[in-house]
Amino acid sequence: MKGISHAALSQGKNPGRNAGTPASGVPTSVASRRPLSDWLPTSVREIKALGWEWVDVILFTGDAYVDHPSFGPAVIGRLLQAEGYRVAIVPQPNWRDDLRDFTKLGRPRLFFGVSAGNMDSMVNHYTANLRLRSDDAYTAGGVAGFRPDYAVTTYTRILKRLYPDVPVIIGGIEASLRRFTHYDYWSDSLKPSVLVDSGADLLIYGMGDKVIGEVARALHNGFNAKLLRKLRQVAFIADTAYVERMGDEVIRLHSYEQCLQEPKAFGENFVKIETESNKMEQRPLAEPVGERWVVVNAPHATLTEAELDRSFDLPYTRLPHPRYEGKGPIPAYEMIKFSVNLHRGCFGGCSFCTISAHQGKFISSRSESSILREVEALTHLPGFKGYLSDLGGPSANMYRMHGRNQAACARCTRASCAFPKLCPNLDNSHAALLSLYRKVTAMPGIKKAFIGSGIRYDLFDSQDYLREVVLRHVSGRLKVAPEHTEDHVLQLMRKPPFEMFRRLNADFCQICQQEGLRYQLIPYFISSHPGCTERDMEALSRETTQLDFHLEQVQDFTPTPMTLSSVMFYTGIDPYTGEKVYVARTQEEKRRQKSYFFSRPSISKRFSNMPGRGVSTRFSRGTQRSGTSDTVHGAGKTGHVSGKPLRDFSNDRPGKSHRRK
C-alpha cells in the first residue's frame with residue numbers, strides 16, 4: 001500500500017476510485033438519508049451529536065465498520081448498547097503515524113475492547129505460499145494495508161502504552177484461537193498465549209454474547225480482578241498461588257517452555273484442550289508460562305434459542321458506516337449482505353477447521369420467527385431484488401440438529417458427531433430446515449433463496465434434502481467439500497470416505513437428468529494437508545479426471561492456530577495416536593502438490609516410472625479458492641505469508657517465540 005495514507009483515505013482520496021463510487025454497492029444517497037445516530041459513533045463529532053459527555057467502552061477493530069450481525073465488533077457493540085452502555089468504535093486505526101486514532105476519543109469509563117476483526121490478521125494478509133495479499137475483503141475498496149500483522153497484539157500494546165491504567169479486553173477469532181501456546185505458521189514458531197505477547201488484562205474467547213455484558217458489569221466500579229476471574233469464558237494471567245488455590249478443579253497443561261523443548265508435549269496439550277472443549281460441561285485449564293500461568297475458565301453453556309435471537313434481533317442498520325461513502329465496496333459485506341445465518345456451532349470436527357474451537361461443537365439455532373423477521377428486513381434494503389444469496393451458517397444443513405439423549409451428550413468427548421461415522425444419538429432430521437426453506441421462499445418479496453454455505457452430505461437423512469436443494473435453491477452450481485480422494489488422508493482430516501462423494505455425485509447427476517437440468521457439482525479440495533504425499537495428489541488428479549471434474553475450488557493447506565492439522569504440521573505426529581505423519585513442509589513441496597490441480601504434463605512426467613500408476617490425460621485449469629472461506633469451510637483453508645510484513649509496534653515483542661529447528 002505504498003504512498004497511501006489513512007489520512008488520505010479519510011478525506012475520500014481512495015486511489016484509483018471515483019469519489020462518487022457507491023459504498024458497498026449502496027448508493028451514497030441511501031446511507032446519507034439515515035441519521036449517523038443509527039450507527040455506533042466512530043468520531044468525536046458523532047459522539048458530540050449524541051450529546052454524550054463520556055463513553056463507557058471504545059472498541060478497536062481491524063475491519064471496516066459494518067453494522068451487521070455477521071461482523072463481530074458490531075454485535076459486541078450492539079449487545080453493550082442494549083444494556084445501556086455508551087459504546088464507540090474505532091475501525092482500522094492507523095498504527096504507523098502519531099497514533100491519533102488511538103487517542104481521538106479519549107479514555108473510556110470502563111475499558112477498551114480489541115479485536116483483529118472477522119479473520120486472523122495473518123490469514124487476512126498472506127497466502128498459503130507466504131505471499132503478501134494484494135487486497136483485503138474487509139476494507140472499503142478491497143484495499144490492503146489497513147491493519148497490522150498480529151493486529152490484536154499491536155493495538156493492545158499501543159493502548160497499554162498510552163493508557164496504562166485502562167483495562168484492555170481482547171476478543172474475536174485471532175485472540176480466541178491464540179489463547180494457549182500455539183503454532184504460528186507465519187513465523188514458523190511456537191508462540192505463547194496472546195495474553196503474554198499483548199499485555200492485555202483479559203481475553204474473551206469464543207462467541208462473547210453472554211460474557212461481554214458480565215465483563216462490563218464487573219468493571220462498573222473500576223478494575224476488579226477478583227470479579228473478572230470468576231467469569232466463564234475468559235482467560236487471564238495469574239500467579240502460581242492462584243492456580244494452587246484452584247486445586248483439582250483445574251486441568252494443568254505442559255508449560256510453554258516444555259512445549260518448545262518437546263513437540264510431543266505440545267501435542268499432548270492439544271489433545272487435553274480439544275477433548276475438554278468437546279464436553280458439554282468443561283473444566284478450567286491452566287498453562288504455565290515462565291513464572292506465571294495462563295488460566296482459561298470454562299465456557300458458558302451453548303446459547304439458548306432466545307439468547308441467540310437476542311443477538312440477531314438488535315437494531316443493526318445492516319449497512320456499512322457512511323464514513324466509507326465514495327471509497328468503494330467492502331467485498332466481505334457484498335458477499336453476505338443478502339444472506340441469513342441460521343445457527344452457530346459445528347459438530348463436523350474437521351481437523352483443519354477452527355469453527356468448533358471458536359463457536360463450539362454444539363449447535364445453537366435461531367427461532368423461525370427471528371429468521372423470518374430478518375428476511376423481511378432484507379427485502380427493504382437498498383439494492384435487494386428478491387434473491388437471498390444464502391440461508392446457511394457454519395454448515396448449510398446442521399440447523400436444529402442435536403443429540404436425542406442429552407444425558408449421553410453430556411458424557412461424550414468425541415470431536416465430531418459425524419466422524420468416523422454418524423453418531424447413533426444424533427438427530428439429523430432435515431425436516432425443520434426444509435420447512436424453514438419453504439416458509440422463506442413463500443414470503444412476499446422473495447423470488448429465490450439460494451444455499452451458499454457448504455453442505456454436509458454425510459448428514460443426509462431419509463428426507464430428500466438433496467433433491468429439494470437442487471430443484472429450488474441452486475443457481476446452477478452446487479458446492480460441496482470432499483477435500484480429498486484418498487481415504488488415509490481423509491481419515492487425518494476427519495472427513496467421510498470418498499465413496500460417499502461418489503454416491504452424492506451419482507444422486508446429483510440422476511436428479512439433474514430426471515429434471516432436465518444442466519447443473520454442476522463443484523467439489524472443494526485441499527493439497528499439502530498433513531499425511532498427503534505427491535502420490536496422493538496424483539491419485540486425486542486421476543480420480544477427479546475419471547469423474548470428469550474440471551477443478552475450480554482448490555486451496556493449498558495453511559496451518560492455523562488451535563487446529564489438529566496445525567499440530568500435525570508442526571510436530572509431524574498425530575497427537576492422538578503417536579504415529580508419524582508425512583508433512584509437505586517446504587514451499588517447493590507445497591507448490592508441487594498444488595500443481596496436480598492444474599498441470600497434467602508434470603504428472604505424466606513425474607510418475608512415468610511409478611509402477612501401477614496410470615495417468616489420465618483430461619484435466620482443465622481452474623482458479624484458486626478464495627481465501628475468505630473462514631465461516632463456511634474453516635479457517636484452516638485460508639492462506640498466509642511472503643514478503644516482509646509491516647511492523648512498527650508489532651515488531652516490539654515482549655513475549656518470546658521459538659522457531660522450529
Practice task
Using side chain to side chain donor-acceptor pair (under 3.5 Å) as the criterion, list what pairs up with His430, not counting sequence neighbours.
Solution key: Asn397, Asp461
Practice task
With sequence neighbours excluded, tell me which residues meet salt bridge (Lys or Arg N to Asp or Glu O under 4.0 Å) with Lys439.
Solution key: Glu368
Exercise for the section: Can you measure from OG1 (Thr302) to CG (Leu308) and round to the nearest 0.5 angstrom? Expected result: 10.5 Å
Handout entry: Distance, nearest 0.5 Å, that separates OG of Ser565 from CG of Leu492
Key = 8.0 Å
Exercise for the section: Taking side chain to side chain contact (heavy atoms under 4.5 Å, CB included) as the test, write out the residues that go with Ser462, two or more places apart. Expected result: none
Handout entry: Residue pairs involving residues 500-522 (criterion salt bridge (Lys or Arg N to Asp or Glu O under 4.0 Å); sequence neighbours excluded)
Key = Arg467-Glu515, Glu499-Arg502, Arg502-Glu543
Handout entry: Partner residues of Glu589 under the salt bridge (Lys or Arg N to Asp or Glu O under 4.0 Å) criterion, sequence neighbours left out
Key = none
Practice task
Kindly state each residue pair satisfying salt bridge (Lys or Arg N to Asp or Glu O under 4.0 Å) with at least one member in residues 420-429, sequence neighbours excluded.
Solution key: none
Practice task
Can you label the angle between the Phe549 ring and the Phe501 ring as parallel, tilted or perpendicular, going by 30° and 60°?
Solution key: tilted
Practice task
List the steps, then state whether salt bridge (Lys or Arg N to Asp or Glu O under 4.0 Å) holds for Arg310 with Asp209.
Solution key: CA-CA 9 Å; Arg310 176 174 179 261; Asp209 305 64; over 6 Å; no
Fill in the blank from the handout: Separation between OG (Ser176) and CD (Gln359), nearest 0.5 Å, reads 10.0 Å
Handout entry: Parallel, tilted or perpendicular: rings of Phe352 and His529 (30°, 60°)
Key = perpendicular
Problem - side chain to side chain donor-acceptor pair (under 3.5 Å) partners for Ser528, two or more places apart - result: Asp556
Practice task
Return the orientation label for the Phe498 and Phe525 ring planes: parallel under 30°, perpendicular over 60°, tilted otherwise.
Solution key: tilted
Fill in the blank from the handout: Here the salt bridge (Lys or Arg N to Asp or Glu O under 4.0 Å) pairs for residues 450-459, sequence neighbours left out, are Arg456-Asp458
Can you give the donor-acceptor pairs under 3.5 Å from side chains of residues 398-413 to other protein atoms, not counting sequence neighbours?
residue : atom : partner : partner atom : Å
Tyr399  : OH   : Arg366  : O            : 2.8
Arg400  : NH1  : Glu305  : OE1          : 3.2
Arg400  : NH2  : Glu305  : OE1          : 2.8
Arg404  : NH1  : Pro424  : O            : 3.0
Arg404  : NH1  : Leu426  : O            : 2.8
Arg404  : NH2  : Leu426  : O            : 3.4
Asn405  : OD1  : Ala407  : N            : 3.0
Asn405  : OD1  : Ala408  : N            : 3.3
Gln406  : NE2  : Gly403  : O            : 2.8
Arg411  : NH1  : Ala407  : O            : 3.4

Handout entry: Side-chain donor-acceptor pair present, Ser566, Thr563, cut-off under 3.5 Å
Key = yes
Show me the donor-acceptor pairs within less than 3.5 Å that the side chains of residues 468-475 make with the rest of the protein, sequence neighbours left out.
residue : atom : partner : partner atom : Å
Glu468  : OE1  : Arg472  : NH1          : 3.4
His473  : ND1  : Ala449  : O            : 2.6

Problem - Geometric class of the Phe557/Phe569 ring pair [parallel <30°, tilted 30-60°, perpendicular >60°] - result: tilted
Practice task
Would you please classify the geometry between the Tyr465 ring and the Tyr437 ring as parallel, tilted or perpendicular, with 30° and 60° separating the classes?
Solution key: tilted
Fill in the blank from the handout: Those residues at least two apart in sequence (or on a different chain) that pass side chain to side chain contact (heavy atoms under 4.5 Å, CB included) with Ser356 are none
Problem - Those residues that, when tested against Asp309, pass salt bridge (Lys or Arg N to Asp or Glu O under 4.0 Å) (two or more places apart) - result: none
